[in-house]
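So the structure is just underneath, and the comments pick up after that.
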Protein chains: 4
Amino acid sequence: MGAVKTKRMPRAVREQQMLDAAVRIFGQRGYMAASMDEIAELAGVSKPLVYLYLNSKEDLFTACIRREASALTEAVRRGVRQGPSADRQLWDGLLAFFTHTARHPDGWSVLHLQARTHGEPFAAEVTAMREEIVAFVTELIAVAARDAHRDPHLPEREVAGLAEALVGAAESLAAWANATPGVTARQAAATLMNFAWAGLGDLMENRPWPVPPVSSADGD
Amino acid sequence: MGAVKTKRMPRAVREQQMLDAAVRIFGQRGYMAASMDEIAELAGVSKPLVYLYLNSKEDLFTACIRREASALTEAVRRGVRQGPSADRQLWDGLLAFFTHTARHPDGWSVLHLQARTHGEPFAAEVTAMREEIVAFVTELIAVAARDAHRDPHLPEREVAGLAEALVGAAESLAAWANATPGVTARQAAATLMNFAWAGLGDLMENRPWPVPPVSSADGD
Amino acid sequence: MGAVKTKRMPRAVREQQMLDAAVRIFGQRGYMAASMDEIAELAGVSKPLVYLYLNSKEDLFTACIRREASALTEAVRRGVRQGPSADRQLWDGLLAFFTHTARHPDGWSVLHLQARTHGEPFAAEVTAMREEIVAFVTELIAVAARDAHRDPHLPEREVAGLAEALVGAAESLAAWANATPGVTARQAAATLMNFAWAGLGDLMENRPWPVPPVSSADGD
Amino acid sequence: MGAVKTKRMPRAVREQQMLDAAVRIFGQRGYMAASMDEIAELAGVSKPLVYLYLNSKEDLFTACIRREASALTEAVRRGVRQGPSADRQLWDGLLAFFTHTARHPDGWSVLHLQARTHGEPFAAEVTAMREEIVAFVTELIAVAARDAHRDPHLPEREVAGLAEALVGAAESLAAWANATPGVTARQAAATLMNFAWAGLGDLMENRPWPVPPVSSADGD
DNA sequence: AATGAATGAGTCTTCATTCAT
DNA sequence: GATGAATGAAGACTCATTCAT
C-alpha cells in the first residue's frame with residue numbers, strides 16, 4: 001500500500017517519503033480534508049513518526065509547499081538558458097514550467113490551489129515564489145525593450161499588472177493542459193507565446209488598445 | 001449579528017439570508033473550515049432550519065456556487081451591449097467582470113478559490129460557468145475574424161487554449177485588483193485588453209510567434 | 001451506570017449532573033488522569049454535550065472547584081452561629097468543616113489535593129477560598145484577644161503563620177478522619193481544639209515557647 | 001542542559017542523575033504531566049536507558065518517592081540530638097524538617113503534593129514515611145509525659161490525631177514558608193512550637209478544651 | 001553501555017446532523 | 001414555522017514503551 005513498508009531507514013529518507021505522501025494527499029484532497037492518518041498510511045509509517053519528524057499538520061503543509069516551490073523554480077531556472085533573446089528565454093521558461101507542472105500535478109495543485117486557499121502562513125510561502133517568477137518576467141520585458149532600443153514608457157503598476165496577467169494565464173493554462181488529454185507542454189507554451197508576445201510588442205511600441213471613456217452604463 | 005433577527009418570514013427571504021451568510025463564511029474560511037454553526041448564527045436562524053431549507057453542507061455550498069455563478073454571468077451579460085465591435089464587446093465584458101468581482105469578493109472567492117479546491121461535485125458547477133464564458137470569448141474571436149473578412153485558420157483546440165488563457169489572465173487580475181489597493185476595474189480591464197488584443201490580432205493575421213524546434217535539453 | 005439515563009432534560013439540570021460526575025472522577029483519579037470520556041459516561045450523556053455546556057476540560061475542572069469551594073464555605077458559614085465566644089465559634093466552624101468534608105470526600109479531594117497540584121489557573125481558585133477561611137480564623141483570634149482585654153502583641157506575620165498552621169492541621173485531620181474508619185467529625189474537631197486553643201491562649205498571654213539560640217549544628 | 005553529557009559512567013551515578021532529573025520534573029509538572037522524554041533529556045541520557053535502569057514510569061516515580069522520603073527522614077534524624085528535653089527534641093526535628101524542605105522544594109513537592117494525589121501505589125510510600133514521623137512525635141509526647149511524672153491518660157486514637165494535626169500543621173507551614181519570601185525555617189518552627197506545645201501541655205495536665213454537647217443544629 | 005527508529009493506544013476536541021417539542 | 005437538546009464519527013496530537021543495532 002503506497003510505499004513499500006521497509007523498516008528502520010535513516011531519517012532523511014523517511015522524511016522524503018512522508019513529504020511525497022503528504023504532497024499527494026494535500027494535492028488531491030486539500031489541506032483541511034487531508035487527514036494525518038491517511039498521509040501516514042500512504043507514507044508507510046505510523047502517525048507518531050510523522051509528528052516526530054514534522055511537528056504538526058501546519059508544519060507538514062509548509063514543508064510541502066517549500067519543497068514544491070523550490071522544485072518548480074529550480075526547474076524553470078534550469079530550463080532558461082542564458083544568452084538568447086528575451087522572447088526565447090520566456091519560451092524556455094514557459095516550456096520548463098508547463099513540463100514540470102505536468103509531471104508533478106499534485107505538487108502544482110498544492111502550490112496553485114491549496115496553499116492559496118488557506119490563510120496567511122501558507123499563502124505567503126507561495127507569494128514569495130510567485131514574486132520571484134513575476135520579477136523574472138518583468139525583467140524579460142525590460143530586456144526586450146532595451147534590445148529593441150525602445151523606451152516602453154510603461155508605468156510600474158502597469159508592468160506589474162501585465163506580469164500578473166501573464167503568470168495567471170500560464171497558471172490557468174497549466175491546469176487546462178493537465179486536465180485536457182493530449183495537450184502537451186509545448187502546445188501550451190506556444191499558445192501563451194502567441195497570446196502574449198504580440199500584445200507586449202504593441203505596448204512597447206506605444207500602440208495600446210484605445211480605452212473607451214467612462215459610460216453611465218458601466219455600473220453593476 | 002449579521003441579519004436582524006426577525007421571526008416568521010417567508011421561506012424565500014430566509015433562504016436568501018442563509019445563502020448570504022453562507023457565501024460570506026465559505027468565502028472567508030473555505031469550505032471545510034466553515035462550520036454550519038457559524039453560518040446559522042450569522043444568518044440569525046437556528047441550525048435545524050438551515051438543514052430544513054438546504055439539506056446538507058454540500059447542498060448549501062452548491063447552492064452558493066450556483067447563485068454566485070448566476071449573478072456573475074448575469075452581470076457580464078448585462079454589461080455587454082450588442083452591436084459594437086468585437087473588441088468593444090470584450091472590453092464591456094471584462095469591465096463588468098472586474099466590477100462585479102470587486103463588489104462581491106466573497107462570492108468571487110467561493111467561485112474562484114473554494115469551489116475549485118474541493119473535488120468534483122463543486123468544481124463541475126464552476127466549470128459549467130467557466131465554459132459559458134469561454135464560449136462567449138471564443139465567439140467574440142470568431143466574430144472578430146469574420147468582421148475583418150479574414151480566415152484565422154485557427155484550429156479549435158488553439159482557440160480553446162487562447163480563451164482559457166484569456167479567462168485565466170482575467171481571473172488572476174481580478175484577484176490582483178482585489179488585493180492591490182487603488183487598482184480599479186477599468187485599469188484591470190485596460191491592462192488585459194492591451195495584453196491580449198494585439199496578440200489575438202497577430203494570430204488572426206497569421207503571424208504567430210515562431211516556435212523553436214524540439215531540443216534535447218527540453219526535459220525536466 | 002451512574003445517573004439514570006433520562007433524555008431531554010433542561011440544561012441546568014444536566015449541567016449539575018455533569019458537575020456531579022466530574023467531581024467524582026476528578027476527586028478519585030486526579031485532574032490529568034481523569035478522562036472526559038469517563039466523566040461523560042458517568043454523567044449519562046455524550047461527550048459533545050459536556051463540551052457544549054462546559055467548553056473544555058479546564059473549564060469543567062474550574063467549575064467543579066468553584067462549586068465545591070462555594071459549598072464548603074457556605075456550609076462553614078451556616079455552621080457558625082453569631083454571638084457565642086470566639087472559641088465556641090471556632091468549634092462551630094470546625095465541626096461544620098469536618099462534617100462537610102466527611103460527607104463530600106470527592107469534593108474535598110478536588111479542593112485539597114487536585115486543585116493545588118495543577119498550576120495557577122486552578123490553585124488560585126482554591127487560594128481564594130482558603131484566604132477567606134484564614135481571614136475568618138484570624139479574626140477569631142483577634143476577637144478572642146479583645147474579649148480577654150489583652151493585647152497579644154502578635155506581629156501580623158506571626159498571626160498569619162498561626163492561622164496557616166491551624167488551617168493546615170484542620171485539612172490534614174479531615175483527610176485523616178476520612179481515611180480512618182470510626183473517627184467522627186466531632187472527634188476531629190475536639191482533637192484540634194485541644195491541640196490549638198491552649199497554645200493560642202499562652203501566646204496571647206505573652207508566654208511563648210522559648211526559642212533556643214542559633215546553633216552551628218543547625219545546618220542540613 | 002541539566003547534567004553535563006558525559007559518556008560511559010558507572011551505573012550508580014547515571015541512576016542518580018536520572019533520579020535528580022525525575023524529581024525535578026515530577027515536582028514541577030506533577031506525575032501525569034511529566035513526560036519521560038523530558039526527564040531523559042534533562043538527565044542527559046536517551047530514553048531507553050532510563051527504561052533499562054528504572055523499568056517504567058511508575059517505578060521511576062516510586063524510586064523518586066523513596067529517595068526523597070529517605071533523605072527527609074534522615075535529615076530529621078540527624079537534626080535531633082539525643083539527651084535534651086522532649087520539647088527541645090521536637091524543636092530540633094521541626095527545624096531540620098523546615099530546613100530540608102526549603103532546600104529541596106521539588107523533593108518536597110513530590111512527597112507532599114504529587115505522591116498523595118495519584119492513588120495507592122504511591123500514597124502508600126509516603127504513608128510509610130509519615131507514620132515513622134508520627135511515631136517519633138508520639139514517642140516525644142510520651143517522653144514528655146514521663147519526664148513530668150504525669151500520666152496523660154490520652155487514648156491511643158487521641159494521640160494519633162494530635163500527631164496527625166501536628167504533622168499536618170508542619171506540612172502546611174512548610175508550603176507556606178516556601179511560598180512566602182522572607183520566612184525562615186526558624187520562624188516556621190517557632191510558630192509551630194508556640195502553637196502546639198502549650199496545647200499539648202494542657203492536655204497532659206488533663207485540662208482539655210470543654211467540648212459542647214451535641215446540638216440539633218450540627219447537621220450539614 | 002547506549003541509542004536512533006518506531007508504534008499502539010488513548011486524549012481532548014469539533015463537526016455535521018437529527019430528534020422531540 | 002422553528003428550536004433546544006443531543007450524538008456518532010472522526011481528527012489532531014501525545015505518550016509510555018520497545019526493538020534492532
Side-chain angles (χ1 to χ4, degrees), chain A residues 5-11 13-15 32-40 44-60, chain B residues 5 7-11 14 32-40 44-60, chain C residues 5-11 13-15 32-40 44-60, chain D residues 5-11 13-14 32-40 44-60:
Chain A
K5 196 159 186 174
T6 319
K7 297 245 168 184
R8 306 267 152 183
M9 359 208 349
R11 173 169 181 149
V13 177
R14 268 279 134 92
E15 225 171 278
M32 299 243 53
S35 98
M36 295 297 274
D37 269 293
E38 203 180 358
I39 290 172
V45 297
S46 69
K47 224 188 332 171
L49 201 58
V50 178
Y51 278 90
L52 190 61
Y53 286 178
L54 288 144
N55 295 320
S56 70
K57 199 183 184 183
E58 284 206 5
D59 283 7
L60 173 56
Chain B
K5 193 161 186 174
K7 297 245 169 186
R8 310 272 149 175
M9 14 199 353
R11 170 162 182 153
R14 271 275 140 95
M32 298 248 46
S35 95
M36 296 297 273
D37 270 289
E38 205 180 355
I39 291 171
V45 298
S46 71
K47 232 183 328 171
L49 200 58
V50 178
Y51 278 88
L52 188 62
Y53 285 1
L54 288 141
N55 297 319
S56 71
K57 196 185 186 184
E58 285 207 4
D59 285 4
L60 174 56
Chain C
K5 193 158 188 175
T6 319
K7 297 243 167 186
R8 306 268 150 180
M9 357 207 352
R11 172 170 181 149
V13 177
R14 268 279 134 92
E15 223 169 282
M32 298 242 56
S35 99
M36 296 296 274
D37 269 292
E38 205 181 356
I39 291 171
V45 297
S46 70
K47 228 185 332 172
L49 201 58
V50 179
Y51 277 89
L52 190 61
Y53 286 178
L54 288 143
N55 294 320
S56 69
K57 196 182 186 184
E58 284 207 5
D59 283 6
L60 174 55
Chain D
K5 196 161 185 172
T6 320
K7 298 246 168 183
R8 310 268 151 176
M9 13 199 355
R11 170 162 183 154
V13 177
R14 271 274 139 96
M32 299 248 45
S35 95
M36 296 297 273
D37 268 292
E38 204 179 357
I39 291 171
V45 297
S46 73
K47 234 186 324 175
L49 200 60
V50 178
Y51 278 88
L52 188 62
Y53 285 2
L54 288 141
N55 297 317
S56 71
K57 197 184 186 184
E58 284 208 3
D59 284 5
L60 173 56

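These numbers come from the heavy atoms of this one structure, side chains and all, not from hydrogens, waters or symmetry mates. Chain naming here is simple, since letters A, B, ... match the order of the sequence lines and numbering starts at 1 in each. Not measured: the values here are computed from a predicted model.
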Begin with the C-alpha distance, continue with both residues' side-chain angles, and end with the deciding distance and a verdict on side-chain contact (heavy atoms from CB on, under 4.5 Å) for L60(B) and M36(B). CA-CA 10 Å; L60(B) 174 56; M36(B) 296 297 273; 4.0 Å; yes

Contact summary for A40(B) and S46(B), nearest pair of heavy atoms: CB-C, 4.2 Å

R14(B) side-chain N/O to dA2(F) phosphate OP1/OP2 under 4.0 Å: yes

Could you tell me how far apart E38(A) (CD) and dC13(F) (C1') are, to the nearest whole angstrom? 18 Å

Over how many whole Å does the gap from L60(A) atom CG to dC13(F) atom P extend? 10 Å

Just grab all the salt bridge (charged side-chain N to carboxylate O under 4.0 Å, His left out) pairs involving residues 45-56 of chain D, residues at least two apart or on different chains. D37(D)-K47(D)

Between C1' on dT3(F) and CZ on R11(C), what's the gap in Å once rounded to a whole number? 14 Å

Footprint string (nucleotides 15-21 of chain F, 5' to 3'): B base within contact, S backbone only, - free, heavy atoms under 4.0 Å: BSBBB--

Identify whether NZ of Lys or CZ of Arg in R14(A) sits under 6.0 Å from the centre of the six-membered ring of Y53(A) and within 45° of that ring's axis. no

Paired with L52(A), the side-chain contact (heavy atoms from CB on, under 4.5 Å) test is passed by just one of V50(A), L49(A), L54(A), namely L49(A)

Applying side-chain contact (heavy atoms from CB on, under 4.5 Å) to D59(B) and not counting sequence neighbours gives N55(B), S56(B)

Smallest separation among heavy atoms of M32(C) and M32(D), with atom names: CB-CB, 3.4 Å

Rounded to whole angstroms, how far apart are CG on L49(C) and P on dA6(F)? 5 Å

Nucleotide dA5(F), atom C1' - distance to CD of E15(C) in whole Å: 13 Å

Is the backbone N or O of S35(D) less than 3.5 Å from a side-chain atom of K57(D), with the two atoms forming a donor-acceptor pair by type? no

Distance, rounded to the nearest Å, where I39(B) contributes CD1 and dA16(E) contributes P: 8 Å

Let's test your reading of the pairing rules: Watson-Crick or G-U wobble, both distances under 3.5 Å, then write DNA chain F as a dot-bracket string with ( ), [ ], | and dots. .||||||||||||||||||||

To the nearest angstrom, the CG-P distance between L54(B) and dA2(F) comes to 14 Å

